[in-house]
Amino acid sequence: MAELDSNDAFIDTNKLIFGIGQVQQITGVSGRQLRYWEEQGYIQSISQKKGAAREYSLHTLFFIFHVTRFLNNGFTLQAAVDRAKKFDRQLPVLRQFLRAQLQGVNIDDDQSVLDFGYVDSSHTQRIYGVVKDGETFFRIENVD
DNA sequence: TTTCTGACA
DNA sequence: TGTCAGAA
């Protein structure tokens, strides 16, 4: 059985910083493009001053990655950026919901179960998310 | 060596 | 957008 403890401290992602060379390697986007995108206001680098080397946050790295994905799917740069931004806004909501609702994860040989806690304040039913044979579905069980 | 800015046979 | 130059 594996449990998720929301009190665990994870890596401070704000301290994960990438140089333009690293971003090129990871995302495949050229330095020329990255500078152009920044010039156009599509992306932002950490305190871009004078002729100093650009640094990108992990968040920006993810953003750039998403933009390229949409770009590869035929979207224009502007459209790709808009999509990436929309996707970005969903992440905090997903995180908040999971952090608040996910009580734990049970991993067995045949299936994995996500415990989402009680259905409502009556505490008479509990809802689980099941991952089994490549399928996912919910299961509600009565609590006695 | 890497990155920066500006420019374009 | 790529690529080259000249500088940092």
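First the proteins, then the strands, lettered A, B, ... as listed; each starts at 1. Not measured: the values here are computed from a predicted model.
Comparing dT3(B), dG2(C), dT1(C) by their nearest atom to the side chain of Arg35(A) picks out dT3(B).
Atom pair Gln22(A):CD and dT1(B):C1' shows a separation of 14 Å (rounding to whole Å applied). Here the P atom of nucleotide dT1(C) and the CD atom of Gln24(A) are 13 Å apart, to the nearest Å. Rounded to an integer number of Å, the gap from CD1 of Ile20(A) to P of dA8(C) is 19 Å. The CG-C1' distance, from Leu34(A) to dG2(C), rounds to 14 Å in whole Å. Remark: P of dT2(B) and CZ of Phe18(A) are 18 Å apart, rounded to the nearest angstrom. Between the CD atom of Gln25(A) and the C1' atom of dT1(B) there is a distance of 13 Å, rounded to whole Å. Taking atom CH2 of residue Trp37(A) and atom P of nucleotide dT5(B), one finds them 17 Å apart after rounding to whole Å. The distance from atom OH of Tyr36(A) to atom P of dA7(B) is 16 Å, rounded to the nearest whole Å.
One distance of note links CZ of Arg69(A) with CZ of Phe87(A); it measures 8.5 Å at 0.5 Å rounding.
Judged by atom type and distance alone, Arg32(A) reaches the base of dT3(C) through a side-chain donor-acceptor pair under 3.5 Å.
Using a 30° and 60° split on the angle between ring planes, Phe62(A) and His66(A) fall in the tilted class, from 30° to 60°.
Taking the side chain as every heavy atom from C-beta outward, Leu77(A) and Tyr36(A) approach each other to under 4.5 Å.
Closest of all the heavy-atom pairs between Gly129(A) and Phe138(A) is CA-CD2, 4.1 Å.
At a threshold of 4.0 angstrom between heavy atoms, the contacts of Arg54(A) are confined to the sugar-phosphate backbone, with no base atom among them.
In this entry dA8(C) has dT2(B) as its Watson-Crick or G-U wobble partner, both defining distances falling under 3.5 Å.
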